[in-house]
Amino acid sequence: MNMDILKKILLMPRQMIKAIYNPENIENKWYSQWQEKGCFAKKIDHRKDSFCILMPPPNVTGVLHMGHLLNNTLQDVLIRRARQLGKSTLWIPGTDHAGIATQVKVEKELMKEGKIRQNIGRESFIQRALHWRDKHGGLILEQLKKLGISCNWDAKVHTLDPGYNLAVQTAFIELYNRGYIYRGKRMVNWCPVSLTALSDEEVMMKPQQCMLYHLKYELTDGSGFIEVATTRPETIMGDTAIAVNPNDDRYRSLIGKTCLRPLKKAEIRIIADEAVDQDFGSGALKVTPAHSAIDFEIGQRHRLEFLDIMNPDGTLNSLAGNDFEGMDRFEARVMAVEKLRKLGLLIKEELYSNNVGFSERANVPIEPKLSEQWFLKYPKVEEAKAAILNGVIKLRPERWTKTYLHWLDNIKDWCISRQLWWGHRIPVWYRKGYDKNDPTNIHLSIDGPEDKENWEQDPDVLDTWFSSALWPFATFGWPDLKKMEEKNFDYFYPTSDLVTGPDIIFFWVTRMIIASLELLGANKNHLLPNEIQERIPFKNVYFTGIIRDKLGRKMSKSLGNSPEPLDLIKKYGADGLRFGLLSMAPQGQDVLFSEERVEFGRNFCNKLWNAFRFRQTIGEEQDKTIEGIFSRINPKEVSLIDLAILTQMLKTLIEFEEAMAEYEFNKALQIIYSFFWKDFCDWYLEVSKINQTSSVIGIYDLILRQCLLILHPFIPFITEELWHMAGYGTGFINDEKLDTSANLLANIKALGLEPAEDSILEVAMIRELISSTRAMKANYGLAAKKDMTFYYKAADGQTSIIAKYNEIIKHFIGAAKVIETNSLLDLPVILTPAGLMYLDLASQIDLASEKQKVIDEIQKITQLIAKNQSKLNDKVFISKAPQQIIDGTKKLLEENLKKQVELQSLLDSLNSLKT
RNA sequence: GGGCGGCUAGCUCAGUUGGUUAGAGCGCCUGGUUUACACCCAGUAGGUCGCAGGUUCGAGUCCUGUGCCGCCCACCA
């Protein structure tokens, strides 16, 4: 670039930074600029490493909640940091069509018009659902933009996109052909409200108070009755046997006899089965094979009749008999009990608490139901375990490994068909009028058979999670090779980090791993380690904590305990919110949300803002490029205090880099927070005001610049704004190359400066002296006085720091004079590592309380000395502890002894003072 | 029933392989019109690290047992 132009740019009058940091203005401004200028766009440089994140797609029905905020902030931190480290990045956003959830929403809309979906038919229902999706579905992503997330919006995917649908259909057919998908009549979890089967994962167990009824089943030979206990008397009409344990002496004689089913009377057998628990109830179980999972198994073993007495909606059907037909299952329960009571068959009823499975969506008890469904037998289970065990996929925190493995060890076939209309239609056709179970009458293909008129398509759709499992590669256009190439699948896959909640390990994470292992690459029964490595969907999984309210409850809309995220952004700014969230969310630990933390984040942003305002008051017309900054630092002008802050910056950067490498974001933030606020602002900015050389200003610029850069992934808006305001560059901050601690160290060394730990120690001594002296003043109620005289006596063996830093110390402690002395004085004093500081105000102090303080202090130090000495006298300690610890203890003892002597002499002098 | 996590200052939480006298923010209290910031500055106070044993020269940290809180999985009708 032409030097004149460069100068012009650099010397351009810059905008004044406004006094008050107002996040709202700058956040809206920058987000639209980032998008317009294509900041987040995929820029592929094959010489660079790739870095890819798949956003867990929020449901189109979803409402933005705190979990989304934390989750997406973490992803944004990762992706922005990756850009700074020079990687080619891709962050794929998207939404999930959310089968049941969406269908329920649309059905509710219909209900307002007094209709149900069957009234309008499948086609127009889907049209309505699509319309609903288009209207509401993008909202959550739009809301997330307020948070500043930098995804590749042009790569956005929706799970019902045509391309995605192709992936789902292909996966189904492929898995069917490989023998993993089958159709079968089995016991499933049936939701009587949503009228669909559900997977085990969609059933939530809830403790319930109910009644346990003890009933008489009369023996048909007239020899008495058998007592049966049940919580579900409404299913009696479906009983086809009574089962007892074969080892149960009470009932041995009854096995093989028959008894009378008391409702819809019929003769049923008494059978023996090991599954019966002798200790529960009466030890005799009524067997209802069509309405209970265990009874179903017993029924199969004993070839019992399966009497399905219920309609899909939970009402009883004609098989339940005239008295019950059409009645809801819970009404039927009441009526059944009533009838039994009248018949004199109810022995007793008792309160009983048990766990009942509830439909996750409709929140009603699920009904175990015998039903014809599609099932998936999970492939590549061993490989999925190996991927984690061998560290090919790393889970953070690692402890989730156990949960993950436990699920895979106890995995059961997955019911993947849903009796819904909204979702991916199952690509299976049946020949009209023929037996569906005969394979020759079944056709599987994406487009269907040519003579469609002779076939009918399976009416069911697939579980939403089936499509979610394909997310890692369906988002890249799989199985369309051309699209995959366009989307640089080979470059970005396997993706880098997945950030999600541990509550969907089974729903999603595991299934993605399995789907990827099975479907990417050739069909093989077993994979070799390198094949696993190529196929895995991601290398790291970061499990976030769950955000809870102050009482530890999960945040949910129904509890009304979740703050409105957008309100928080409005109040504290997206940056403040991000900072707060990250600082309260260590690796995968659940967090109790507190608004104070968000305030904390906002305050930090304000501090940052004002540090830049301060810099601006000094005058800005200077070269702020990194080269320019270094050229302004003159090594001859650099004081020890300056060197100390440089050294500390490097130390901070190293610690920060380590924390980031370990995904310890809250630690990383804490490290910068403390350096920036405590060391840089509170100390260095203040101390350097006294002699603000041009080198000092150079150091300001260097540190401010570096802090902006490393903070940018966490708080992108304010750092972008300040980057431009302060004139560090004309481009976007996220495109800036990040100087590492190693780079900066090299640059500093090139100036002829040698960062040294000693400088930090010396500065620490000064700060300690100042701080102690201020405390002493405050103790006497003299904090505000500026005209005091102090006497300073250097610590034994310590060179005086007062001579060197007189001005600074006077300024900071508020003194008119600090006079150096060699003797102990009869004055109030404070001990510091740098020496004694006396306050010349003997007449004004409360001698008695002052003495007491010193006495307390002596007592404390004496205890410490005793502790040190007993340690050092302990031969075992001496022989076993490492030398470093022993030396440390010795040194400590010496220091404490010295302190003790000094305190004693102080006490003596206080005693000798006249009151 | 099986498993996991938490229990550290009034509150919310740090505390890496055991190592010298346990930290931060908020809040409390005291003082401050220090011209970058009251969303700030300075300074106090506040903890037998859930409890009980054990290992060790040395335990918030490791082991055993136990209590409370929360979560996950399984489940007896």
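The figures that follow rest on heavy atoms only: side chains count, while hydrogens, waters and symmetry mates do not. Owing to the predicted nature of the structure, the values given are computational and were not obtained by experimental measurement. Residue numbering restarts at 1 for every chain, and letters A, B, ... go by the order of the sequence lines.
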Check the interface with nucleotides 25-29 of chain B: list each N/O to N/O pair with the protein under 3.5 Å, or write none.
none

Identify each atom pair where a protein N or O and an N or O of nucleotides 54-61 of chain B are less than 3.5 Å apart, giving names and distance.
{"from": "C57(B)", "atom 1": "OP1", "to": "K880(A)", "atom 2": "NZ", "distance (Å)": "2.3"}
{"from": "C57(B)", "atom 1": "O2'", "to": "D874(A)", "atom 2": "OD2", "distance (Å)": "3.4"}

Report, one pair per line, the protein and nucleotides 3-9 of chain B atoms (nitrogen or oxygen only) whose separation is under 3.5 Å.
{"from": "C4(B)", "atom 1": "OP1", "to": "K402(A)", "atom 2": "NZ", "distance (Å)": "2.9"}
{"from": "G5(B)", "atom 1": "O2'", "to": "Q589(A)", "atom 2": "OE1", "distance (Å)": "3.0"}

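Applying the 3.5 Å distance criterion, the base of C39(B) shares a donor-acceptor pair with the side chain of R602(A). Between the side chain of E686(A) and the base of A36(B), at least one donor-acceptor pair of N or O atoms lies under 3.5 Å.
With sequence neighbours left out, R399(A) forms a salt bridge (Lys or Arg N to Asp or Glu O under 4.0 Å) with no residue at all. By the side chain to side chain donor-acceptor pair (under 3.5 Å) test, Q900(A) is found to be paired with T862(A), residues two or more places apart in sequence or in another chain being considered. The side chain to side chain donor-acceptor pair (under 3.5 Å) check on K689(A) picks up E686(A), with sequence neighbours excluded. Here D239(A) pairs with Y217(A), K286(A), T288(A) under the side chain to side chain donor-acceptor pair (under 3.5 Å) rule; sequence neighbours left out. Applying the ring-ring contact (aromatic ring centres under 6.0 Å, His included) rule to Y673(A) yields the partners F600(A), F604(A), W677(A); only residues at least two apart in sequence or on another chain are considered. Evaluation of the side chain to side chain contact (heavy atoms under 4.5 Å, CB included) rule for L864(A) yields N896(A) as partners, not counting sequence neighbours. The salt bridge (Lys or Arg N to Asp or Glu O under 4.0 Å) check on E202(A) picks up R418(A), with sequence neighbours excluded. In this structure, N354(A) has no side chain to side chain donor-acceptor pair (under 3.5 Å) partners at least two apart in sequence or on a different chain.
Closest approach to the F280(A) side chain among A77(B), U21(B), A36(B) is made by A77(B) (side chain taken as heavy atoms from C-beta onward). Taking the side chain of L892(A) as heavy atoms from C-beta on, and the options U20(B), U12(B), C76(B), the nearest nucleotide is U20(B). When the nucleotides A36(B), U21(B), A42(B) are ranked by their closest atom to the side chain of K689(A), A36(B) comes out on top.
For the C1' atoms, the distance linking C26(B) with C4(B) amounts to 30 Å, nearest Å. Distance check on atom P: U61(B) versus G70(B) gives 25 Å, rounded to whole Å. For the C1' atoms, the distance from C73(B) to C57(B) is 45 Å, rounded to whole Å.
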Tabulate below the donor-acceptor pairs under 3.5 Å that side-chain atoms of residues 203-213 of chain A make, not counting sequence neighbours, or state none.
{"from": "K206(A)", "atom 1": "NZ", "to": "N363(A)", "atom 2": "OD1", "distance (Å)": "2.7"}

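Nearest-nucleotide positions on RNA chain B place Q884(A) closer to the 5' end than the other of Q884(A) and E201(A).
A distance below 6.0 Å separates the ring centres of W407(A) and Y378(A).
Contact check for C707(A) versus F675(A): side-chain heavy atoms found under the 4.5 Å cut-off.
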